[in-house]
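Position 1 is the first residue of the sequence, and the numbers go up from there. One-based numbering, in listed order, for ligands and for the atoms of each.
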Amino acid sequence: MAEFDVDLFVIGAGSGGTRAARIAAGHGARVMIAEEDRIGGTCVIRGCVPKKLFVYASRFADEFEDAAGFGWRVGKPEFDWPTLRDAVAKEVTRLSGLYRKGLDGAGVAIREERAVVTGPHEVKLQKSGQTIRARHILVATGGYPAFDPPIPGGELGISSNEVFHLPSLPKRMLVIGGGYIALEFASVFARLGVAVTLLHRGDNVLRGFDEDLRTRLRDALGHAGITLRLGCTVDRIELLPDGTRRAHCAHGAPIDADVVLVATGRRPNTAGLGLEAAGVKLGPAGQVLVDAASLSNVPSIAAVGDVTDRVNLTPVAIREGHAFADSTFGGKPWTMDHSLVASAVFTTPELGTVGLTEQQALATGRELRIFETGFRPMKATISGRDERIYMKLIVDAQTDKVIGVHILGHDAGEIIQSVAIAVTMGATKADFDRTIALHPSAAEELVTMRTPRKSAL
Ligand code: NDP
């Protein structure tokens with residue numbers, strides 16, 4: 001009998017796990033993957049993909065309004081929630097099917113049930129009771145929405161998992177949190193016509209992002225009709241006889257809403273997974289502690305993606321999974337560089353960022369040159385929309401290297417992806433300057449900024 005049933009057992013068929021499984025199988029490994037929910041994981045099933053489709057839906061509100069300024073006469077637009085909800089659900093099912101097809105095509109055995117680690121080389125499938133001996137185990141179980149600490153009535157709120165399936169569009173929504181998920185959904189639902197209140201414990205949104213963008217985004221969200229309650233926490237939520245959720249705040253009036261969306265962060269999904277019993281060290285948030293090669297302290301057990309709580313973004317999980325599979329089964333060891341990861345927040349206006357913020361750059365002791373510009377996009381001049389774009393370059397004064405780029409405005413995510421190539425290559429401000437502008441575009445401003453301001457703490 002062979003010592004191991006499989007070379008690799010992957011727990012979790014999300015972005016990171018699926019990539020690792022497919023690449024490992026491509027290197028000739030015998031791979032099995034277990035998924036207790038739907039194949040595709042957070043990003044495909046209840047995250048990035050359905051969220052972005054909601055974002056597209058929400059932005060038609062602006063488009064209808066803009067069109068009038070350009071001479072179009074359209075009837076009064078009406079929005080039908082079930083049409084959007086069901087179309088998005090259908091697309092998610094299609095994508096989940098493609099993920100399954102990809103795994104099948106690569107020769108990966110799929111087990112649609114929960115798997116628990118029972119030893120450094122052993123996994124037990126919970127439904128079938130089957131025990132699998134694996135040369136390597138990869139934990140790619142992602143995260144789950146957390147509401148910590150729990151408050152009385154917290155169960156009256158929903159998380160981003162449920163928000164895609166609301167039976168009807170609420171009239172009033174309370175969103176708790178000031179991070180990616182809270183802001184994106186506040187922005188989406190406000191544009192779909194919902195009266196949104198955003199309540200956040202901090203005095204500004206998106207902690208950790210560049211201050212100039214945070215402030216401008218906060219103001220833009222207020223301008224878009226979102227009621228901001230900052231510096232405030234919810235003590236308890238109460239259910240009124242008519243179904244209203246009443247959130248009582250530490251100070252100020254209570255807030256009534258039909259739906260309370262709690263978006264106060266996510267936690268690594270390791271509870272009950274058997275990792276500690278197998279000797280795997282977990283961090284304080286329950287994350288699997290791994291080295292640069294994504295290996296835990298137990299050499300046969302690795303982990304990638306949100307369950308490791310490094311940079312919790314889909315493309316990062318994919319890259320980590322790919323590196324693990326190449327290194328372990330392909331004889332080509334390499335590690336993922338987490339230092340320069342572009343990201344976007346799909347609010348309206350959108351935020352795109354890569355590299356250091358001004359505050360982070362200053363903390364390194366560098367002398368900086370900061371270039372910034374704010375302008376009204378060309379389209380808004382005719383449509384009459386009160387819309388602005390803000391761009392900022394952080395330049396190391398000594399090396400002339402562009403070490404941070406931050407954009408708030410239309411297509412910021414699309415623009416930042418291209419700029420991230422230049423920043424990853426180590427482009428200098430002189431490189432930006434000798435790049436010919438593409439006119440007329442918003443992105444041309446990135447290569448035409450000439451007058452720096454100094455920056456100091
Ligand atoms: P974030 O960590 O981004 O934000 C959590 C928010 O909740 C913060 O504003 C935080 O406040 C607040 N918070 C945390 N604990 C409490 C508490 N006990 N009471 C009140 N407020 C609290 O998490 P999200 O859930 O928004 O997103 C999870 C991760 O998913 C993100 O970090 C990101 O990596 C990823 N993501 C990426 C997206 C993208 O790329 N566009 C979209 C969505 C998610 P404070 O700042 O004070 O800590």
Worksheet item: Side chain, backbone, both or neither: which part of S160 comes within less than 4.0 Å of ligand 1 when only heavy atoms are counted?
Response: neither
Worksheet entry | Check: I176 N/O within less than 3.5 Å of ligand 1 N/O | no
Practice prompt. Run the ring-centre check on F209 versus Y180 and record whether the distance is less than 6.0 Å.
Written response: yes
Worksheet item: Would one find an N or O of G265, backbone or side chain, under 3.5 Å from an N or O of ligand 1?
Response: yes
Item to complete: State plainly whether the residues R376 and E387 are in salt-bridge range, i.e. N to O under 4.0 Å.
Response: no
Discussion item. At less than 4.0 angstrom from any non-hydrogen atom of K51, what atoms of ligand 1 do you find?
Written reply: 41 (N), 42 (C)
Worksheet item: Centres of the F164 and F185 rings: under 6.0 Å?
Response: yes
Item to complete: Give the single entry among V316, L183, N312 that approaches atom 30 (O) of ligand 1 most closely by any heavy atom.
Response: N312
Fill in: Side-chain ion pair, E350 and R59, N-O less than 4.0 Å
yes
Item to complete: Taking side chain to side chain contact (heavy atoms under 4.5 Å, CB included) as the test, write out the residues that go with P268, two or more places apart.
Response: A285, Q287, V307, D309
Discussion item. Counting only nitrogen or oxygen atoms and a 3.5 angstrom limit, does G179 reach ligand 1?
Written reply: yes
Item to complete: Decide whether T197 and R172 meet the rule of one side-chain donor and one side-chain acceptor closer than 3.5 Å.
Response: no
Practice prompt. Identify, by atom number and element, the atoms of ligand 1 in contact range of A344, meaning under 4.0 Å from any of its heavy atoms.
Written response: 39 (C), 40 (O), 41 (N)
Worksheet item: Which is closest to atom 42 (C) of ligand 1 by heavy-atom distance: E184, E350, H200, R266?
Response: E184
Worksheet item: What part of L206, side chain, backbone, both or neither, has a heavy atom within less than 4.0 angstrom of ligand 1?
Response: neither
Worksheet entry | Atoms of ligand 1, numbered as shown, that sit under 4.0 Å from any heavy atom of L313 | 34 (O), 37 (C), 40 (O)
Fill in: Residue pairs involving residues 16-26 (criterion side chain to side chain donor-acceptor pair (under 3.5 Å); sequence neighbours excluded)
R19-H322
Worksheet item: Hey, is A263 one of the residues with a heavy atom under 4.0 angstrom from ligand 1?
Response: yes
Discussion item. Main chain of V298, side chain of S296: is a donor-acceptor contact present, judged purely on distance under 3.5 Å?
Written reply: yes
